J.: 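Below: one structure in C-alpha cells.
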Amino acid sequence: MSLVSAATDIAQAQLSEALPRRWAHVQGVGRRAGQAAHLVPPSERDLLVASALLHDVGYAPTVAKSGFHPLDGARYLRELGMPTRLCALVAHHSCAYREAELRGLSADIAEWQDEQTILRDVLWWADMTTTPDGLVVNVVDRIEEIQKRYGPEDLVTFFIRQATPELVAAVERTEERLRSVAIDYTAK
Ligand SMILES: [Fe+2]
C-alpha cells in the first residue's frame with residue numbers, strides 16, 4: 001500500500017465519523033498539498049500529501065492524549081510505524097513549537113526536528129490556506145477565523161498571534177515558489 005493510501009485510511013478511520021468537519025479540512029489540505037507537490041522532488045511527493053492528510057489526526061478522540069494535537073498525532077503515527085520524517089512534519093506543522101511553549105510541552109515536541117524545507121513550507125501553506133471545511137482561503141482570513149473560533153482568551157488565539165509572522169512567511173515563500181515554477185514552466 002502506498003504511503004498516501006495508508007494516510008488516507010488512517011485519517012478517514014480516525015476523523016470521518018468522530019470529527020467530520022476536521023475530516024473535510026484534512027482532505028482539503030491534502031488536495032492543496034497535491035496541487036503544489038511539483039515544488040518538491042518526485043520521491044517526496046507522497047510524503048508531502050500523506051503528512052497533509054495526517055497533520056490533524058491528533059484531534060481524533062482515540063488519539064488525543066495530551067490535548068496538544070501535533071504531539072498526540074506524531075506519537076500515534078510513530079506507534080503505527082510511520083516514517084520518522086512524517087511524524088516530525090506532523091509534530092511541527094504550522095509553527096507547533098510556539099504552541100508547545102505555551103503548553104509547557106517544548107521538551108516533548110523536541111523529540112522531532114522541524115526540517116525547515118520547501119516541503120515543510122508547502123505543508124504549512126496548505127494548512128494555512130484551507131478553511132475548517134476544506135475550502136481554499138487566504139492566510140490572513142484563515143488566521144482571523146482561528147482567532148474568532150477560539151475566542152480572545154484561548155491559548156490557541158495567543159499562539160496564532162505569536163506564530164503569524166512565521167506562518168505568513170512560509171505561505172509567502174511557497175506562493176513565490178509557485179509563481180517562479182509557473183514562470184519557468186511557461187518559458188520552456
Ligand atoms: Fe490543519
Side-chain angles (χ1 to χ4, degrees), residues 4 7-8 10-37 47-77 82 85-100 102-103 105 109 112 114-115 119-151 154-164 166-175:
V4 173
T8 304
I10 295 164
Q12 182 164 22
Q14 291 296 345
L15 297 172
S16 63
E17 279 182 32
L19 299 171
R21 198 178 188 208
R22 192 65 64 176
W23 170 230
H25 168 71
V26 301
Q27 287 178 95
V29 177
R31 280 194 299 275
R32 199 106 170 99
Q35 287 162 4
L47 173 69
L48 168 62
V49 175
S51 65
L53 289 164
L54 289 168
H55 77 281
D56 277 349
V57 76
Y59 281 115
T62 56
V63 178
K65 298 280 191 296
S66 71
F68 180 43
H69 78 279
L71 178 64
D72 291 339
R75 284 181 171 162
Y76 167 71
L77 295 168
M82 299 303 271
R85 200 173 159 198
L86 172 60
C87 300
L89 285 161
V90 169
H92 284 278
H93 80 267
S94 302
C95 219
Y97 86 94
R98 286 201 171 271
E99 189 172 337
L102 293 172
R103 293 182 182 275
L105 293 169
I109 212 158
W112 295 276
D114 173 14
E115 62 175 51
L119 187 153
R120 167 272 217 185
D121 280 355
V122 175
L123 175 62
W124 291 27
W125 165 83
D127 188 22
M128 295 314 299
T129 60
T130 303
T131 67
D133 296 305
L135 305 173
V136 173
V137 67
N138 72 69
V139 65
V140 173
D141 290 350
R142 170 82 161 121
I143 288 170
E144 225 176 83
E145 187 278 331
I146 291 169
Q147 293 182 62
K148 274 196 196 126
R149 182 154 38 99
Y150 285 89
D154 198 278
L155 180 146
V156 172
T157 298
F158 288 106
F159 151 66
I160 206 78
R161 282 197 196 130
Q162 283 188 357
T164 293
E166 285 164 86
L167 293 168
V168 169
V171 167
E172 285 180 349
R173 283 194 297 272
T174 301
E175 291 183 345

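Remember, it's a predicted structure, so these values are computed and weren't measured experimentally. Both counts, for ligands and for their atoms, begin at 1 and track the order of listing.
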J.: Show all protein N/O/S atoms under 2.8 Å from the Fe ion (ligand 1), or state that there are none.
T.: H25 NE2, H55 NE2, D56 OD2, D127 OD1
J.: Over all heavy atoms of both residues, which pair between Y97 and E166 is shortest? Give the atoms and the distance, please.
T.: OH-OE1, 2.9 Å
J.: Side chain to side chain contact (heavy atoms under 4.5 Å, CB included) between H55 and V29: does it pass, once the steps are laid out?
T.: CA-CA 9 Å; H55 77 281; V29 177; 3.8 Å; yes
J.: What residues, two or more places apart in sequence or in another chain, satisfy side-chain hydrogen bond (donor to acceptor under 3.5 Å, both in side chains) together with Q14?
T.: T62, Y76
J.: Keeping to residues at least two apart or across chains, list the salt bridge (charged side-chain N to carboxylate O under 4.0 Å, His left out) pairs with something in residues 50-61.
T.: R22-D56
J.: Could you give all pairs that pass the salt bridge (charged side-chain N to carboxylate O under 4.0 Å, His left out) test and reach residues 127-138, with sequence neighbours left out?
T.: R21-D133, D127-R142
J.: Can you tell me if S66 and D72 form a side-chain donor-acceptor pair at under 3.5 Å?
T.: yes
